[in-house]
Amino acid sequence: SYMVNAQILSNLKKHEQALEIYWMAYEELKNTKQLTLAVSVLSSIGMTLFDMGQRDLARVYLNLANKSLDPENNKRA
């Protein structure tokens with residue numbers, strides 16, 4: 001439900017509100033074993049930040065999501 005609400009807000013260009021909801025979703029997921037959902041939230045945070053023009057910060061979250069999927073093959077250079 002968080003993800004749907006945040007996506008709607010993002011589509012309405014209400015990025016600050018969308019980020020708040022994505023963070024609430026992440027807080028609930030970070031201590032669970034639902035890695036796929038947590039990675040999805042991290043990438044959504046990254047895309048929302050990108051849409052807000054915060055490209056460097058967006059890159060941090062998108063890289064974190066990517067490394068979470070396959071940490072062995074996504075090491076820093």
Side-chain angles (χ1 to χ4, degrees):
S1 144
Y2 283 128
M3 296 297 285
V4 173
N5 290 335
Q7 187 62 48
I8 290 169
L9 289 167
S10 287
N11 290 343
L12 294 172
K13 308 291 185 215
K14 296 182 179 186
H15 300 300
E16 295 286 339
Q17 290 173 300
L19 276 178
E20 288 178 28
I21 292 175
Y22 284 132
W23 275 114
M24 289 189 304
Y26 184 73
E27 286 297 319
E28 283 194 16
L29 287 170
K30 72 180 183 180
N31 295 321
T32 70
K33 296 188 187 263
Q34 296 179 336
L35 179 62
T36 304
L37 289 175
V39 169
S40 177
V41 172
L42 287 172
S43 62
S44 294
I45 289 171
M47 292 306 300
T48 301
L49 289 167
F50 185 86
D51 290 343
M52 294 171 70
Q54 297 182 29
R55 290 192 167 95
D56 289 336
L57 191 54
R59 186 176 297 118
V60 170
Y61 284 94
L62 293 170
N63 283 336
L64 182 59
N66 190 36
K67 288 177 183 179
S68 296
L69 288 174
D70 189 1
E72 287 187 27
N73 293 319
N74 286 304
K75 293 179 182 172
R76 283 189 168 175

field: Residues forming a ring pair (Phe, Tyr, Trp, His ring centres under 6.0 Å) with F50, sequence neighbours excluded
entry: none
field: Spacing of N5 atom CG and M24 atom CE [to the nearest 0.5 Å]
entry: 8.5 Å
Per-pair distances, 0.1 Å, donor-acceptor, side chain in residues 25-33, under 3.5 Å, sequence neighbours excluded:
from, atom 1, to, atom 2, distance (Å)
E27, OE1, K30, NZ, 3.1
E28, OE2, Y2, OH, 2.8
T32, OG1, L29, O, 2.8
T32, OG1, Q34, N, 3.2

- prompt: Partners of L9 by side chain to side chain contact (heavy atoms under 4.5 Å, CB included), sequence neighbours excluded?
  reply: K14, Q17, A18, I21
query: Out of curiosity, does W23 fall in the hydrophobic cluster containing M3 (side-chain heavy atoms, cut-off under 4.5 Å, transitive links)?
result: yes
statement: Apart from L12 itself, members of its ILVMFWY cluster (side-chain separation under 4.5 Å) are V4, I8
Per-pair distances, 0.1 Å, donor-acceptor, side chain in residues 36-49, under 3.5 Å, sequence neighbours excluded:
from, atom 1, to, atom 2, distance (Å)
S43, OG, V39, O, 3.3
S43, OG, S40, O, 2.9
S44, OG, S40, O, 3.0
T48, OG1, S44, O, 2.9

field: Sequence-distant partners of R59, side chain to side chain contact (heavy atoms under 4.5 Å, CB included), two or more places apart
entry: D56, N63
